Structure formats: structure tokens, C-alpha cells
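Scroll down for the structure; my scribbles are underneath it.
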Amino acid sequence: MNAPDNLIYKTKSPVLFIIFNRPDTTQRVFEKIKEAQPSRLYVAADGPRTDRQAEPEMCEQARAIIKQVNWPCEVKTLFRESNLGCKEAVSSGITWFFEQEEEGIILEDDCLPANDFFRYCDTMLERYRHDTRIRHIGGCNLQQGQKWGNASYYFSNMTHVWGWAGWRRVWKDYDKELSSYHSNEVRPQLETIFNDRFIVDTWEEFFNYMKADKIDTWDFQLAFLNFFNNSLSTIPNVNLISNIGFGENSTHTTDPDSLNANLPLGTLGEITHPLYVLPQKGADLFTLRYDFNIEARWQKYNHPRYKAKRWFKGLFK
């Protein structure tokens, strides 16, 4: 599926737009959705928090942007009156979307897409619609210019959600409480995917935080679901999503100096497909070493003071 040069691609897929209290970023992302002109646009918005005085107005301004739809489009909205929090609001919004659509594209209000993102998603949704090995279509590339293989995209064990697409066949298994999985069973399963002990440690910590309801998020649960189903994601070999939400007003991406903030957008050109359906482990390791600060953890682990502490503890085992 190729787009002629200098033409704006019009998407075939329905789009879910998840918004909250940032009319500035919402407007920018909406403009890119407007370019792609989906025929069906779903908009899910969490309600304002009671302890934030300015938030009701900000939420209302963000919601009003949807009135700018001026192309042939069926618009459906799920506007919450009270605040549910990130975990419940986003996951229930995606559930609402997939209750009505078999497949589609999901964008949050800080995930600015390249126009080519929509063509890429349409192509991946169609190509892997019935291939149960593939459970996720990621739009962002966090490889800092590195390319993996000669195709337009590569396969990964990671589940990037800064602009993504997927199918009802996957989301129907989503469980925000991870109720089917148990802490004492998780580490051996993670060790079949990752060889680095600190990566396994960190994912195990995240899993335990999820089970204890200590993190108000929805996306780690989807990552674990895909890990435990031995599934693959597609990742474009150029970046198609720029996260423009880094900063103090963000819930999770608070560091404006992050290497992953405001990444430049690219184009794919002719979309070519990998010959081998195997994960690029090196790409995943590159991402996780930065995200999990692995080098610093190794240095701390090998520091003489911590070696002595481990030796002393070992005497009493």
C-alpha cells in the first residue's frame, strides 16, 4: 500500500482519540487526524479531578476541539463526568472502541503522528489481520536512527503504545488486574524472553506493582499479556510518532530532556516486509537498556561495597 508522492494519505481504519486536559497537544494531534480523515472517529475523555481548580475548563477546551470535524465522518464520544484515572479511563475507552470495531488505530492526545503512520497502520492491520503471531502494531521507533533489517519494519517483543493499532481479537484478552497471572510464576516466564537479569528484575517489579495496584496505568498490562502469549509487535524502521507531551504537566513522561521526547517524524516510502518473522532482540535490548537505566544498575551491582554486602548476606542463607 503506497502513497503517491506529495499526497496526504486518507486512512481506511477507524480511529480512537483519547484525550483529557491538554487542549494544546490535543489540537496538534487532531490536525493530523484531520489530514487522514477517518470515516469513523471515536473520542474518549476522562473527567476532571476535583482537586484541580483549572481542570474542568481545560477538559472542556480539549473536548471542544472535536467540533472541528469538517469531513464526512461519524463521530462517537465517551465523555466521563468524573475522573476515573489513567488505568480505568484509558482501558475502558479502548474496550468501548473494540466493542464496536474489529480493528483500528489508537492515538492519545500527546502522540503526534506522521501522515505515513496511518498508511503503515492500514497496511499492517490488513496484512496481519488473521496472523495470531502478531498482536500489536507500534508506531514509534526509539532506536535513535538505528535500522534493523532491510524491510520497512521489524518484529519486536515490545508493546509500544505511543500511537498504535490493533485488533479486537487481542484486546478481548486484556485484563487490567492481571488476574490470570501470579507473582511466583512470572520470573521464569520473563527469563524465556530476556537474558539480562536486570531487565527481568525490572519487569518483575512492574508486575508486582501492577498486582498491588501501585501504578495508575493501563499499558504495562498489555505488555505482559503479549509477553505471556509469546506474541510479536511490528515496529517501523523510521519513527512515525512524536511524543509531544513530555514535561511537568504529564502523568508519566515528566522529563523534557528525555532522548525519547519530541522525536522527529519520518516517512516509510514503499512498504516492504521482513522475510523472517522473528523478534529483533538487539533492538529491544537497546530500548530497555535506556528505559530501565541498565548500565547504571550494572555499575552499582559491581561496586565493591555492594559485592561485600551480597557476600555478607550469603553467609546467613
Side-chain angles (χ1 to χ4, degrees), residues 8-49 52 54-115 117-118 121-122 125 137 139-140 161-168 171 174 176 216-219 222 240-245 249-253:
I8 299 296
Y9 180 81
K10 312 298 185 185
T11 186
K12 298 177 180 179
S13 300
V15 172
L16 169 64
F17 191 22
I18 300 171
I19 67 175
F20 181 35
N21 65 353
R22 290 185 285 184
D24 53 345
T25 62
T26 300
Q27 183 68 56
R28 291 180 63 187
V29 177
F30 175 81
E31 293 297 331
K32 303 303 291 187
I33 295 173
K34 182 178 178 180
E35 282 184 358
Q37 295 192 2
S39 61
R40 297 187 302 285
L41 176 62
Y42 296 77
V43 185
D46 199 5
R49 291 164 288 191
R52 309 292 175 96
E55 200 158 85
E57 182 180 356
M58 302 297 284
C59 289
E60 195 58 42
Q61 289 176 11
R63 296 179 186 193
I65 289 168
I66 308 308
K67 297 177 183 178
Q68 299 173 25
V69 170
N70 62 356
W71 67 94
C73 180
E74 178 184 5
V75 179
K76 297 185 179 183
T77 59
L78 179 64
F79 290 168
R80 307 291 191 179
E81 294 302 318
S82 57
N83 185 266
L84 301 181
C86 180
K87 176 180 175 180
E88 181 62 33
V90 177
S91 63
S92 64
I94 299 171
T95 297
W96 168 69
F97 177 61
F98 282 122
E99 285 173 348
Q100 301 172 81
E101 300 288 350
E102 289 284 349
E103 61 187 34
I105 295 169
I106 295 89
L107 284 165
E108 295 186 62
D109 60 5
D110 57 0
C111 297
L112 184 71
N115 181 249
F117 166 76
F118 297 96
C121 288
D122 283 354
L125 285 169
I137 299 162
C140 66
V161 295
W162 293 352
W164 60 284
W167 301 270
R168 179 191 293 172
W171 191 260
Y174 180 81
K176 65 178 181 291
D216 181 26
T217 192
W218 66 275
D219 53 335
L222 183 59
L240 299 178
I241 294 287
S242 182
N243 191 313
I244 58 174
N249 293 325
S250 173
T251 303
H252 298 116
T253 51

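Here the structure is a predicted model, which means the values were calculated and not measured. Heads up: numbering here begins at 1 and tracks the sequence.
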Reported [atom1]-to-[atom2] distance for the pair [X] and [Y], which is rounded to 0.5 angstrom:
X	Y	atom1	atom2	value
Cys59	Arg52	SG	CZ	11.0 Å
Asp110	Asn243	CG	CG	4.5 Å
Glu55	Glu60	CD	CD	12.5 Å
Arg22	Arg28	CZ	CZ	11.5 Å
Lys32	Gln27	NZ	CD	13.0 Å
Asp219	Trp162	CG	CH2	10.0 Å

Are [X] and [Y] packed together at the side-chain level, in the sense that at least one heavy-atom pair is separated by less than 4.5 angstrom?
X	Y	answer
Phe20	Asp109	yes
Pro23	Ile65	yes
Lys34	Asn70	yes
Leu41	Pro14	no
Ile94	Tyr174	no
Phe17	Ile66	yes
Ser92	Trp96	no
Ser39	Glu74	no

[X] side chain to [Y] backbone, donor-acceptor under 3.5 Å:
X	Y	answer
Trp71	Pro38	yes
Asn21	Met58	no
Asp46	Gly85	yes

Taking all atoms of both residues into account, what is the closest heavy-atom pair of [X] and [Y], and its distance?
X	Y	answer
Ala165	Cys121	CB-SG, 3.8 Å
Thr26	Ile19	CG2-CG2, 3.8 Å
Cys86	Thr217	SG-CA, 4.3 Å
Pro113	Leu107	CG-CD1, 4.0 Å
Trp171	Ser91	CZ2-O, 3.6 Å
Gln68	Phe30	CB-CE2, 3.6 Å

### Task
Might you work through the side chain to side chain contact (heavy atoms under 4.5 Å, CB included) test for Val75 and Tyr42, ending with a clear yes or no?
CA-CA 6 Å; Val75 179; Tyr42 296 77; over 6 Å; no
### Query
What do the steps show when you test Phe97 against Leu78 for side chain to side chain contact (heavy atoms under 4.5 Å, CB included), and what is the final call?
CA-CA 10 Å; Phe97 177 61; Leu78 179 64; over 6 Å; no
### Query
Is the closest side-chain donor-acceptor distance between Thr11 and Asp122 under 3.5 Å?
yes
### Task
State whether a side-chain donor-acceptor pair under 3.5 Å links Gln100 with Lys76.
yes
Sequence neighbours left out, what passes salt bridge (Lys or Arg N to Asp or Glu O under 4.0 Å) with [X]? Give chain and number order.
X	answer
Glu31	none
Arg168	Glu102
Arg40	Glu101

### Query
Under 30°, 30 to 60°, or over 60°: which ring-plane class applies to Phe98 and Trp164, parallel, tilted or perpendicular?
tilted
### Task
Just do the side chain to side chain contact (heavy atoms under 4.5 Å, CB included) check on Trp167 and Ile137 with the steps written out, would you?
CA-CA 9 Å; Trp167 301 270; Ile137 299 162; 3.6 Å; yes
#### Entry: NZ/NE/NH1/NH2 to OD/OE distance under 4.0 Å, Lys176 and Glu88
yes
### Query
For Ser13 and Phe118, what are the C-alpha separation, side-chain angles and deciding distance, and is it a side chain to side chain contact (heavy atoms under 4.5 Å, CB included)?
CA-CA 8 Å; Ser13 300; Phe118 297 96; over 6 Å; no
#### Entry: Partner of Val15 by side-chain contact (heavy atoms from CB on, under 4.5 Å), out of Ile106, Val43, Ile105
Ile105
